[in-house]
Each structure stands twice: as C-alpha cells, then as structure tokens.
Number of protein chains: 2
Amino acid sequence: MCVKQLTHQQCLGADAALSRAFSLLGKRWTAVVLGTLGTGGPTGFRELSRAVGGISDSVLSDRLTELTQAGLITRTVDAGPPISVTYALSERGAALMPAFEQISTWAQEHL
Amino acid sequence: MCVKQLTHQQCLGADAALSRAFSLLGKRWTAVVLGTLGTGGPTGFRELSRAVGGISDSVLSDRLTELTQAGLITRTVDAGPPISVTYALSERGAALMPAFEQISTWAQEHL
DNA sequence: CTAGTCGCTTCGATTTCCGAAGTCGCTAAC
DNA sequence: GTTAGCGACTTCGGAAATCGAAGCGACTAG
C-alpha cells in the first residue's frame, strides 16, 4: 500500500497523473525552461537561451512551442520594429512553481 | 526579479539546483519509476515494469541502475532459490515524494 | 518434459537531442 | 552605403537516448 495510507485506486490515479505530467516534464529541458521563467520573469528567446544555458536553439524552440500549446506559458509578439517576442509563465505554469521550489530545495541538499 | 522576491543570487542558485535535479528527472521514465515506488512500495523488476506501464526492459534496467547509484532507491537481493530482487525508495528518494504529490495534484486539474 | 516467470542483457531500428550554419529584418557604427 | 551584431528562429547531419523483440539461465508448476 501507499506510504501515505491512500486507497489502491487513489494511488493508481496519482500515478497516472504523474505519468501525464512527466510525459512533458520528463523531456530534457522542459522543467528547466519553466523554472527559469519562474525565477527570471518574462523574457525573449535569446535571453532565455542564455539563462537556461546549454540548450540548443532547436530544442528551445521545440519546448517553447510545446509549452505554449499546453498552456503553461504565453507567447506575446510585439511587431515593433524591431519584432520582439516575450515568453512568460501562464497561471497554469505558475501553479507548478511550488513543486519546482521543493525539488530545487531537495536538490540543494541531496545532489 | 523573481516572482517570490528572492535575490538574484538566490534565483541563480535555485535554477542551478533545479537543473541538477532535472538532469535526472528530465530523462524519460525516471520520475514515474520513483513515483510508482512511492505509491506502490517495494517491489521487483517485473512487477515494477507492469506498474509503470509502457517502459522497455532495457530502459527500466538503466533507470534502476542510475537511481541506485544516485542513492534514491535501494536494491536488495535475496539469493533464494529462486533469486528475487526488491527495489525500494531510500530516504533520499522518499524526500522527493511531497513534490511529486504536488505535481500529481497539479496534473489532475491541469492536464 | 513443457510452459511460464523472474531478472535481466543484447541489438537493430527509431526517436530525440545537439551543434553548426543559415535566414530575414532590424540597429549601430564608420 | 557598408559592415557587424543581434533577435527569433529553421534546417540538417551526426550523436545519444529509447524502444521492441528476442534471448539467457535459474527456477517453479503441472
């Protein structure tokens, strides 16, 4: 049984939800991109690339597209000139930050 | 600045810690394996494979090796006969469960 | 003796990721 | 006017990760 005295069914539901979450978060860079937007605030592609560090442009572009489509971030285009694009956490994305802070705290003492 | 009024330095530290955490959790299946051990308790390879669902044997084997080496799970061999092996969360691994519960709750309402 | 299970390993194929180079539109400096 | 740099990406070949299937040895059950 669960470490927290849940019913078997509740455990299955929790596992399925965690699986859905990690079908996104289990990709390299997804959580780091979200976390970086959470700590640094709204920013553009290049600045985000620098803040994340080590990510390729094509993967960053892919992740931003996926996260926008999943509703975790918003993409705002200012036609300028010059064109500028700003990515920011949405409410839904911001709702993940408490969990990421816990993971971050955990990593500070365990990794 | 941070959404939570941290210093710039604290944000950078948090991002670096999150990056370290997700160099592990950002691999396909890692978090789901941990989460499944958290809800289902100690178990063997085959049962864990069934509980996780959809994972290949070679990746499960790889993940279990990595997680054991990282100290997040323990591997206990009973020489039998027949041989049986039990994987369980370590204290360090169990310390991640509150964050995974938050992510699971978040996924139940957002994904 | 046969079939099934456990706890894995191996291997070829597929998918994901990476690094480099590139595009277009803009701005700045000379 | 020219050159260089930047932003916001896209493209592509190669490397790494993942997958699915098949296999192994040791055991148990019928």
Side-chain angles (χ1 to χ4, degrees), chain A residues 18-37 40-70 72-90, chain B residues 18-37 40-70 72-90:
Chain A
L18 195 70
S19 285
R20 289 200 299 281
F22 273 89
S23 65
L24 195 55
L25 300 177
K27 289 182 168 188
R28 188 100 172 94
W29 300 115
T30 302
V32 181
V33 167
L34 287 172
T36 303
L37 285 172
T43 192
F45 185 100
R46 188 55 58 198
E47 185 53 40
L48 184 53
S49 175
R50 284 193 289 268
V52 169
I55 189 171
S56 69
D57 282 355
S58 52
V59 172
L60 180 55
S61 178
D62 284 348
R63 291 297 170 275
L64 292 173
T65 299
E66 284 166 4
L67 289 169
T68 304
Q69 285 172 342
L72 300 183
I73 65 175
T74 58
R75 176 177 187 270
T76 305
V77 179
D78 179 345
I83 284 183
S84 86
V85 180
T86 303
Y87 294 96
L89 283 183
S90 64
Chain B
L18 195 70
S19 285
R20 287 200 302 281
F22 274 89
S23 65
L24 193 56
L25 300 178
K27 289 184 168 190
R28 189 95 171 97
W29 300 113
T30 302
V32 180
V33 167
L34 285 171
T36 303
L37 285 172
T43 193
F45 185 99
R46 189 55 58 196
E47 183 56 38
L48 184 53
S49 175
R50 284 194 287 269
V52 168
I55 188 171
S56 70
D57 281 359
S58 53
V59 173
L60 180 54
S61 178
D62 283 349
R63 291 297 173 272
L64 291 172
T65 300
E66 285 165 3
L67 290 169
T68 302
Q69 284 170 343
L72 298 184
I73 67 176
T74 58
R75 177 178 185 270
T76 305
V77 179
D78 179 343
I83 284 183
S84 85
V85 180
T86 302
Y87 294 95
L89 283 183
S90 65

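Note that the structure is predicted; figures quoted are calculated from it, not measured. Chain identifiers are assigned alphabetically (A, B, ...) following the order of the sequence lines, protein sequences preceding nucleic acid strands; residue numbering begins at 1 within each chain. Quick note: numbers below take in every heavy atom, side chains included, and nothing from hydrogens, waters or symmetry partners.
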Pair listing, salt bridge (charged side-chain N to carboxylate O under 4.0 Å, His left out) test, anchored in residues 75-88 of chain B, at least two apart
none
Identify the 5'-most and 3'-most nucleotides of DNA chain C with at least one atom closer than 4.0 Å to a non-hydrogen atom of chain B.
C:dC6 to C:dT10
Give me the atom names and distance for the closest heavy-atom approach of B:Ile55 to B:Val52.
CG2-CG1, 3.9 Å
What is the per-nucleotide protein-contact pattern of nucleotides 9-28 of chain D, from the 5' end, where B denotes a base atom under 4.0 Å from a protein heavy atom, S denotes such proximity for sugar-phosphate atoms only, and - denotes neither?
BBB------SBB------SS
Given the options B:Leu24, B:Leu37, B:Leu89, B:Val33, B:Leu72 meets side chain to side chain contact (heavy atoms under 4.5 Å, CB included) only with B:Leu24
List the atom of B:Trp29, the atom of B:Gly54, and the distance in Å for their closest heavy-atom pair.
CZ2-O, 3.5 Å
Please examine the side chains of A:Thr74 and A:Thr68, heavy atoms only from C-beta on, and report whether any two atoms are closer than 4.5 Å.
no
Under the side-chain contact (heavy atoms from CB on, under 4.5 Å) rule, collect the residues that match up with A:Pro82, sequence neighbours excluded.
none
Check residues 56-66 of chain A and write down every donor-acceptor pair under 3.5 Å in which the side-chain atom is one partner and the other belongs to a residue at least two apart or another chain.
{"from": "A:Ser56", "atom 1": "OG", "to": "A:Val59", "atom 2": "N", "distance (Å)": "3.3"}
{"from": "A:Asp57", "atom 1": "OD1", "to": "A:Arg46", "atom 2": "NH1", "distance (Å)": "3.2"}
{"from": "A:Asp57", "atom 1": "OD2", "to": "A:Arg46", "atom 2": "NH2", "distance (Å)": "3.1"}
{"from": "A:Arg63", "atom 1": "NE", "to": "A:Arg28", "atom 2": "O", "distance (Å)": "3.1"}
{"from": "A:Arg63", "atom 1": "NE", "to": "A:Thr30", "atom 2": "OG1", "distance (Å)": "3.4"}
{"from": "A:Arg63", "atom 1": "NH2", "to": "A:Arg28", "atom 2": "O", "distance (Å)": "3.4"}
{"from": "A:Thr65", "atom 1": "OG1", "to": "A:Ser61", "atom 2": "O", "distance (Å)": "2.9"}
{"from": "A:Glu66", "atom 1": "OE2", "to": "A:Lys27", "atom 2": "NZ", "distance (Å)": "2.8"}

